[in-house]
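What follows is a single structure, written as structure tokens, with notes after it.
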Amino acid sequence: MMRRDEFIKSSLLGALALTSGASAMAETLPSGKKEAKPFHLKYAPHFGMFKNSAGDDLIKQLNFMREQGFMALEDNGMMGRPVSEQERIGKELTRLGMTMGVFVVDKGGNSQNSLAAGKKEYVDIFLDGCRRAVDVARRVNAKWVTVVPGDFERNLPIGLQTANVIEALRRGAEILEPHGIVMVLEPLSDSPNLYLRTSDQTYMICKAVNSPSCKLLYDIYHMQKNEGHLIRNLDLTWEEIAYIQVGDNPGRNEPTTGEINYKNVFKHIHEKGYKGIVGMEHGVSRKEKEGEMALIRAYREVDDFLPA
């Protein structure tokens, strides 16, 4: 039976041979293993994306990601993990030189406890989530946390709903700002009931909150569905964008599986000087190890946007 280090070496070389990034095996990891050439952008996989290749252990998955050239991690459910596991993940990220991306502030779910309603009990749940997020962020060295304000409050005028959201987010920013943590507001396409839907709406709210701890998370998958004109809207809202996520449409799987020209989009944000994380918040279109290798090849393909 092939040893894991042999499998990683052979599968990696096979995967990268199909892209222009195949020729470079760049740095040496703390473990002494060679890693693939880092990508031009800081793409962040999620736990579980490479479990068929790396196994169920989260630390082994982290090492596999690093070996493939990924320099960051996302984990939406980090706040629900045991403290000991958070600390273990944080230490390994530091050892590997990887950056922690977003986790979601626990406020009861995307649609729940709507800040648009202006109800004290809902705001208190949100603020409690912000306080607890500070401790989690410290354990895993995180800078960004995702916030979704919840559903519309249909019995209130839209102006009052927006004022309620802004006021709640200002109070959340007061908690996060002293710790250098940025809540990134994510407009979503999952349901028309969700209050936050477009990048311009989110831009306006960030301007009104007026805090370095309240910025825009531009998820390209959701914004393709809700508004389109991706490059134009990225440019229009760029001043407030602190974080980017991706997923192709339709299907919400890896780039190259849908209609979005990710090579052009990534080239554009790279040329704008983006140094932040690009979160891989999507599924894997094919099953087992073959699908995971296909995902890596897809990212090598769309990351190949610089002149030879």
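In what follows, residues are counted from 1 in the order of the sequence shown.
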With rounding to the nearest 0.5 angstrom, report the CD to CG distance, E174 to L169.
11.5 Å
How many angstroms lie between NZ in K143 and CD1 in I181, if you round to the nearest 0.5 Å?
11.0 Å
Salt bridge flag under 4.0 Å for residues R132 and D128
yes
Are any non-hydrogen side-chain atoms of V246 and V265 less than 4.5 angstrom apart?
no
Contact between L216 and I241 at the side-chain level, heavy atoms closer than 4.5 Å - yes or no?
yes
Applying salt bridge (charged side-chain N to carboxylate O under 4.0 Å, His left out), which residue pairs with at least one partner in residues 195-222 are found, sequence neighbours left out?
K207-E239, K207-E240, K215-E240
Would you say V140 ends up clustered with I175 if hydrophobic residues are merged whenever their side chains have heavy atoms under 4.5 Å apart, either directly or through other cluster members?
yes
Count the heavy atoms belonging to other residues, nucleotides or ligands that lie under 6.0 Å from CZ of R154, then report whether that count exceeds 12.
yes
To the nearest 0.5 angstrom, please state how far the CG atom of L58 sits from the CG atom of D56.
8.5 Å
Does atom NE2 of H40 have more than 12 heavy-atom neighbours, drawn from other residues, nucleotides or ligands, at distances under 6.0 Å?
yes
Between A44 and I277, which heavy-atom pair has the shortest distance, and what is it?
CB-CG2, 3.6 Å
Results of ring pair (Phe, Tyr, Trp, His ring centres under 6.0 Å) for H222 - residues two or more places apart only:
none
Residues, nucleotides or ligands: over 12 heavy atoms within 6.0 Å of R171 CZ
no
May I ask you to decide if the ring planes of F266 and Y43 are parallel, tilted or perpendicular, using 30° and 60° as cut-offs?
tilted
From S199 atom OG to L217 atom CG, the distance as rounded to the nearest 0.5 Å:
12.0 Å
Output yes when R95 and E92 qualify as a salt bridge under the 4.0 Å nitrogen-oxygen rule, no when they do not.
yes
Please check: side-chain N/O of R170 versus main-chain N/O of A208, any donor-acceptor pairing under 3.5 Å?
yes
List the steps and the verdict of side-chain hydrogen bond (donor to acceptor under 3.5 Å, both in side chains) for Q86 and D135.
CA-CA 10 Å; Q86 294 170 2; D135 291 331; over 6 Å; no
Who are the ring pair (Phe, Tyr, Trp, His ring centres under 6.0 Å) partners of F103, not counting sequence neighbours?
none
Value rounded to 0.5 Å, distance of CD1 in I244 from CD1 in I269:
4.0 Å
Taking 4.0 angstrom as the limit, do R297 and E301 come out as a salt bridge?
no
With ILVMFWY side chains joined below 4.5 Å, transitively, what does V104's cluster contain besides itself?
none
Give me each pair satisfying ring-ring contact (aromatic ring centres under 6.0 Å, His included) with a member in residues 116-174, each pair once, sequence neighbours excluded.
W144-Y243, F152-Y195
Can you confirm whether K272 is buried at NZ, in the sense that more than 12 heavy atoms of other residues, nucleotides or ligands lie under 6.0 Å from that atom?
yes
Are Y274 and Y218 close enough that their ring centers fall under 6.0 Å?
no
What's the spacing between D151 CG and Q161 CD if we round to 0.5 Å?
10.0 Å
How would you list, by chain and number, every residue that makes a ring pair (Phe, Tyr, Trp, His ring centres under 6.0 Å) with H270, sequence neighbours excluded?
F305
Between V105 and G129, the two heavy atoms sitting closest are CG1-C, 3.7 Å
